Amino acid sequence: MNTSRKVILSGMRPTGNLHLGHWVGALSNWIELQKEYKCFFMVADWHALMSEYKNTTFIKKYIFDNVADWLSYGVNPQKSIIFVQSQVLEHLELFMILSALTPLGWLSRCPTFKEQVIQLKEKDVNTYAFLGYPVLQAADIVLYKANSVPVGEDQLPHLELCREIVRRFHFIYKKKIFIEPKALLTKTPRFLGLDGRKMSKSYDNYISLSEDDENLQRKVLSMFTDPARKRKDDPGHPDICNVFSYYSIFKEDLKDEVYDWCVKAKKGCQECKTILLKYIKDFIAPHREMKRQILKKKHYIDDILQEGRKKAKKIASQTLDEVKEILKL
Ligand code: TRP
Ligand code: SF4
């Protein structure tokens, strides 16, 4: 193996079905990155617990389901290390050590913490663990000395906190063992949910990565379009139409034609959506079939996660040994 490859680590919380937003915003990028980098892809189940602690019964199901989606969309266990956070206990040990040196103010001022406490009212995340969410995330990243972390914009404050924690560690112990990770901002094209809001399971406006044809049809045909097109011969405004932005992703080479039929009112929205539907169907179908095959093989995912756990643990425990050596623990 080429050991000079730079290291990437990223994670997803197993809290629901993965949807096209995850593909556009993260997964498609992961697939590309594994060509060039040594990648660690982690199921962040401790992070899931921090917000879902009142209803934990789904976490295990989504660990398997999400990993099945990753695999069926091209995350390659031969190339990348796929593992579950809670199976590598070093994450918690380093989390503890980093917690000791992270000032409370950094965490309580973290914009994501403040927002989530307000937004996720029914989840009651005004807790001790949730405050430390970015510290665990920092431990995830520095355990593997990741050079870069592909994240969406919402995660930037966590990355910045991670870098600050690394600097503080180096300053206090006068030894530089970690890397300040860079954020690899995913270039997300404009991609919204069916109703024009952010695609999210909590809005129920998403298309899942293994959506069946019947639901796909119902969902795509119900998408919001340009409200100015009341009748078929009203010209449309593709630039503000969500359906048009889906074309940019699923059938880029038809964009000019769609633009033309829209502004010249040559086709109606229903027809436009029906054509789009076909492309989305064709996109999802092979992955959905692959996922079905994967879930049919009984130990397939277990074996991959076991293998990933071993590889991750080897590196994580080396890092933790170094840390303990420095702290004389
Ligand atoms: N906090 C991330 C999210 O909600 C998930 C995550 C946990 C993560 N640990 C990570 C992402 C480490 C990148 C690196 O999306
Ligand atoms: Fe949107 Fe297509 Fe209707 Fe134009 S024709 S407004 S792109 S759905």
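Values reported hereafter were calculated over all heavy atoms of this structure, with side chains retained and with hydrogens, waters and symmetry mates removed. Small disclaimer: the values here were computed from a predicted structure and weren't measured. Atoms within each ligand, like the ligands themselves, are counted from 1 in listed order. The first residue in the sequence is number 1, and the count goes up from there.
Inspection of the Glu289 and Gln293 side chains reveals an N or O donor paired with an N or O acceptor under 3.5 Å.
Judged by the 6.0 Å distance and 45° axis criteria, Lys267 is positioned over the aromatic ring of Trp261.
Residue Cys269 touches ligand 2 through backbone and side chain together, judged by heavy-atom distances below 4.0 Å. With a 4.0 Å cut-off on non-hydrogen atoms, His237 does not touch ligand 2 at all. The side chain of Arg13, and not its backbone, has at least one atom closer than 4.0 Å to an atom of ligand 1 (non-hydrogen atoms only; side chain from C-beta on).
At least one N/O/S atom of Cys272, whether from backbone or side chain, sits less than 2.8 Å from atom 2 (Fe) of ligand 2.
Taking every heavy atom of Thr225 and a limit of under 4.0 angstrom, the matching atoms of ligand 2 come to 8 (S). Residue-ligand proximity, Asp226 to ligand 2, at heavy-atom distances under 4.0 Å covers atoms 6 (S). Applying the 4.0 Å criterion to heavy atoms of Leu9 picks out, from ligand 1, the atoms 12 (C), 14 (C). Residue-ligand proximity, Gln155 to ligand 1, at heavy-atom distances under 4.0 Å covers atoms 1 (N), 2 (C), 3 (C), 4 (O), 15 (O). Of all atoms in ligand 2, listed by their number and element, those nearer than 4.0 Å to a heavy atom of Val243 are 8 (S). In summary, the atoms of ligand 1 found under 4.0 Å from a heavy atom of Val149, numbered by their order in the structure, are 13 (C), 14 (C). Within the listing of ligand 1, atoms 1 (N), 2 (C), 3 (C), 4 (O) sit less than 4.0 angstrom from a heavy atom of Tyr133. Atoms of ligand 1 found under 4.0 Å from any heavy atom of Ala44 (numbered from 1 in listed order, with element): 7 (C).
The closest approach between Gln85 and ligand 1 stays at or above 4.0 Å for every heavy atom of the residue. Residue contact check for ligand 2: Cys241 places a non-hydrogen atom closer than 4.0 Å to it.
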Between Thr127 and Tyr53, is a side-chain contact (heavy atoms from CB on, under 4.5 Å) present by the stated rule, with each step listed? CA-CA 11 Å; Thr127 61; Tyr53 62 92; 4.0 Å; yes
Might you work through the salt bridge (Lys or Arg N to Asp or Glu O under 4.0 Å) test for Glu325 and Lys328, ending with a clear yes or no? CA-CA 5 Å; Glu325 165 91 29; Lys328 308 270 181 285; 5.3 Å; no
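Under a 4.0 Å N-O distance rule, the pair Asp69/Lys291 qualifies as a salt bridge. Using a 4.0 Å cut-off between a side-chain N of Lys or Arg and a carboxylate O of Asp or Glu, Arg109 and Glu115 do not qualify as a salt bridge. Under 4.0 Å is where a charged nitrogen must lie from a carboxylate oxygen, and between Asp226 and Arg229 no such pair does. The pair Lys266-Glu271 does not meet the salt-bridge criterion, since no charged nitrogen lies less than 4.0 angstrom from a carboxylate oxygen.
With hydrogens left out, the protein atom closest to atom 5 (C) of ligand 1 is Gly11 O, 3.6 Å, a heavy atom. Nearest non-hydrogen protein atom to atom 8 (C) of ligand 1 is Gln137 NE2, 3.6 Å. What sits closest to atom 9 (N) of ligand 1 on the protein, heavy atoms only, is Asp140 OD2, 2.8 Å. Counting only heavy atoms of the protein, atom 4 (Fe) of ligand 2 lies nearest to Cys262 SG, 2.3 Å. Of all protein heavy atoms, the one lying nearest to atom 7 (C) of ligand 1 is His47 ND1, 3.2 Å.
By the 6.0 Å contact criterion, CG on Asp256 is open, its count of non-hydrogen atoms from other residues, nucleotides or ligands being 12 or less. Around CD of Glu153, the count of heavy atoms belonging to other residues, nucleotides or ligands within 6.0 Å does not exceed 12. Applying the 6.0 Å contact sphere to CD of Glu214 captures no more than 12 heavy atoms from other residues, nucleotides or ligands.
Among Trp46, Phe83, Phe40, the single residue meeting the ring pair (Phe, Tyr, Trp, His ring centres under 6.0 Å) criterion with His91 is Phe83.
When the options Lys267, Glu271, Arg229, Gln270 are ranked by their closest heavy atom to atom 5 (S) of ligand 2, first place goes to Arg229.
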